[in-house]
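Scope of the values below: all heavy atoms of this structure, side chains included, with no hydrogens, waters or symmetry mates. Throughout, numbering of the chain's residues begins at 1 and tracks the sequence.
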Amino acid sequence: METILLGDSEADLNRAAELIKNGGIVGIPTETVYGLGADASNPDAVKRIFEAKGRPADNPLIVHLSDFSQAEKYTTSIPELARRIADRFCPGPLTIVLPKNDMIPMITSGGLYTVGIRVPSHSVMHRIIELSGCPIAAPSANTSGLPSPTSAAHVMDDMAGKIEAVVDGGQSEFGVESTVISVENESSVRILRPGSVTKDMLLEICGEVIIDHAILHELEDGQTAASPGMKYKHYSPKADVVMIEGNIKAFTEYVENHMENGVYSLIYDGDTECFPYQYMTYGRNSSEQAHWIFQRLRELDEIGAKKVFVRAPAVDGVGLAVYNRLIRAAGFEVIRL
Ligand code: TXA
Ligand code: MG
């Protein structure tokens with residue numbers, strides 16, 4: 001199959017929407033990362049998403065809508081707290097897990113009786129949902145296990161020949177996937193996957209925000225994940241990634257003592273002055289690091305890095321999301337200096 005590259009003209013968005021309406025799968029831009037979109041209510045189309053990604057069947061897909069009010073159509077009930085959170089953060093980089101109804105096939109929800117609902121703010125994605133008239137199931141558009149795509153070129157790298165089209169909507173703004181939450185009770189939510197809607201932002205509306213244990217810890221044998229995606233090795237480039245916590249002086253010493261062929265370091269923009277080894281930088285603060293992290297992991301593969309020492313991000317605010325992705329890229333290998 002030839003994968004066509006579409007732009008963001010109304011004609012091209014119409015074409016993307018038609019492909020989705022007719023059971024095709026299309027790479028589409030969102031404000032977080034690029035998604036692999038298909039009609040969420042069409043089991044055959046959704047099956048093709050799992051095949052194209054090589055994704056385990058028990059990992060549920062997020063359903064994207066153009067307005068949160070449409071969530072009524074696909075869920076059995078929406079808690080008052082979920083409505084207040086949606087009022088504040090939708091459209092935006094947030095996914096709310098709700099009890100699903102029969103409009104969402106079990107293949108889409110990975111066998112769960114819940115569905116993650118997200119209303120993206122990216123104008124191109126929003127328009128494609130409107131034009132297609134479909135709820136759009138869309139996981140990140142990477143091959144399972146690889147870093148998520150933040151540009152149309154990344155999607156082409158992973159998906160050319162496997163999907164109908166990719167819509168180029170520019171570089172993703174946030175760079176890490178949406179925050180995924182479930183509602184625990186009338187005042188409390190649980191973060192299942194951290195993203196750009198942070199714990200502090202949610203605390204403006206919720207009495208309590210629980211950070212799920214699986215966000216920072218490896219699941220032990222027999223434990224089940226509230227969010228199935230958390231149990232898989234993820235986001236990893238081909239290179240061996242090691243995350244190192246400590247200041248740049250301690251980091252530099254560590255690299256010096258562990259130098260070998262093909263080592264690159266991924267450090268902060270402000271770290272470079274006295275750093276004598278091969279490196280890339282990934283921003284000055286957590287939101288810049290979120291924006292660049294997946295792109296840098298892909299670039300490190302392109303230049304043939306064998307091993308990557310990453311200077312760990314701060315774990316507060318959006319940094320928690322960056323840390324969560326990196327600890328998985330590193331297979332939970334963290335050096336604390
Ligand atoms: O920003 C995003 O969320 C992107 C863009 C394309 O919207 N999508 C995305 O989808 O990251 P995906 O499939 O790569 O990650 C979805 C995550 C997985 O970890 C999955 O396990 C979790 O959300 N998830 C989805 N539905 C769920 C549900 N019903 N209950 C618990 N976790 C769920
Ligand atoms: Mg993903």
Side-chain angles (χ1 to χ4, degrees), residues 1 3-9 12-13 15-17 19-20 24-40 45-46 48-55 59 61-66 91-95 116 118-129 131-132 134-180 193 195-196 229 234-237 290-299 301-302 321-322 325 329:
M1 174 188 311
T3 302
I4 52 175
L5 184 62
L6 298 170
D8 60 2
S9 67
D12 276 6
L13 301 192
R15 198 153 163 210
L19 287 167
I20 289 172
I25 52 177
V26 178
I28 35 186
T30 86
E31 71 279 18
T32 56
V33 301
Y34 273 69
L36 207 53
D39 177 356
V46 169
R48 286 191 50 214
I49 291 184
F50 281 91
E51 287 165 359
K53 277 182 66 81
R55 182 179 175 105
N59 197 359
L61 305 184
I62 292 170
V63 173
H64 300 71
L65 306 173
S66 59
L94 179 74
T95 297
R118 167 154 137 71
V119 182
S121 61
H122 196 294
S123 60
V124 168
M125 175 68 165
H126 190 264
R127 188 71 184 136
I128 293 172
I129 303 172
L131 290 170
S132 72
C134 303
I136 295 187
S140 50
N142 51 291
T143 301
S144 247
L146 295 188
S148 294
T150 52
S151 70
H154 295 164
V155 182
M156 276 294 185
D157 286 344
D158 283 17
M159 294 296 153
K162 298 181 177 173
I163 64 176
E164 274 77 5
V166 177
V167 179
D168 190 346
Q171 174 99 23
S172 303
E173 179 191 346
F174 291 106
V176 290
E177 307 88 337
S178 62
T179 304
V180 179
R193 179 179 69 183
S196 298
H234 243 115
Y235 315 116
S236 34
H291 180 84
W292 289 113
I293 185 60
F294 287 134
Q295 161 124 6
R296 289 293 181 262
L297 291 178
R298 282 178 180 256
E299 286 168 354
D301 266 351
E302 274 163 32
V322 183
R325 306 317 189 264

Strictly distance-based, threshold 3.5 Å: is any side-chain N or O of [X] a donor or acceptor partner for the main-chain N or O of [Y]?
X    : Y    : result
T30  : V33  : yes
H126 : S66  : yes
H122 : G169 : yes
D12  : G7   : yes
K53  : M159 : no
E164 : V26  : no
E31  : E173 : no
R298 : P147 : yes
T3   : A160 : no

Could you tell me if the side chain of [Y] sits less than 4.5 Å from the side chain of [X], heavy atoms only?
X    : Y    : result
W292 : Q171 : yes
K162 : M1   : no
L146 : D158 : yes
P29  : V167 : yes
R118 : T32  : yes

Taking all atoms of both residues into account, what is the closest heavy-atom pair of [X] and [Y], and its distance?
X    : Y    : result
A45  : D39  : CB-O, 4.3 Å
P120 : I129 : CD-CD1, 4.0 Å
P237 : A329 : CD-CB, 4.4 Å
N59  : G229 : OD1-N, 3.3 Å
S196 : T179 : N-OG1, 3.4 Å
S132 : A17  : N-CB, 3.6 Å

Quick one: pull up CD1 in I25 and CZ in F50 and give me the separation to the nearest 0.5 Å.
11.5 Å
Run the side-chain contact (heavy atoms from CB on, under 4.5 Å) check on R55 and L61 step by step: do they pass?
CA-CA 10 Å; R55 182 179 175 105; L61 305 184; 3.5 Å; yes
Check the side chains of T95 and S178 for a donor-acceptor pair under 3.5 angstrom, ignoring hydrogens and angles.
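Note: S178 and T95 side chains meet the donor-acceptor criterion.
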Could you list the residues that satisfy salt bridge (Lys or Arg N to Asp or Glu O under 4.0 Å) with [X], not counting sequence neighbours?
X    : value
R127 : E10, E130
R15  : none
R193 : none

If the condition is side-chain hydrogen bond (donor to acceptor under 3.5 Å, both in side chains), which residues does S148 pass it with, not counting sequence neighbours?
E177
Any chance you could lay out the side-chain contact (heavy atoms from CB on, under 4.5 Å) test for I128 and I20, step after step, and finish with the verdict?
CA-CA 9 Å; I128 293 172; I20 289 172; 3.9 Å; yes
Residue list, ring-ring contact (aromatic ring centres under 6.0 Å, His included) with F294, at least two apart or on another chain:
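Residues passing ring-ring contact (aromatic ring centres under 6.0 Å, His included) with F294: Y235.
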side-chain contact (heavy atoms from CB on, under 4.5 Å) for V124 and I28? Distances and angles first, verdict last.
CA-CA 8 Å; V124 168; I28 35 186; 5.8 Å; no
With sequence neighbours excluded, what pairs up with S172 under the side-chain contact (heavy atoms from CB on, under 4.5 Å) test?
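For S172 the side-chain contact (heavy atoms from CB on, under 4.5 Å) partners, ignoring immediate neighbours, are Y34, T150.
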Report the C-alpha distance between R48 and E51 in whole Å, list the side-chain angles of each, state the deciding distance to 0.1 Å, and finish with yes or no for salt bridge (charged side-chain N to carboxylate O under 4.0 Å, His left out).
CA-CA 5 Å; R48 286 191 50 214; E51 287 165 359; 5.6 Å; no
Apply side-chain contact (heavy atoms from CB on, under 4.5 Å) to L6 and D168, showing your working.
CA-CA 6 Å; L6 298 170; D168 190 346; over 6 Å; no
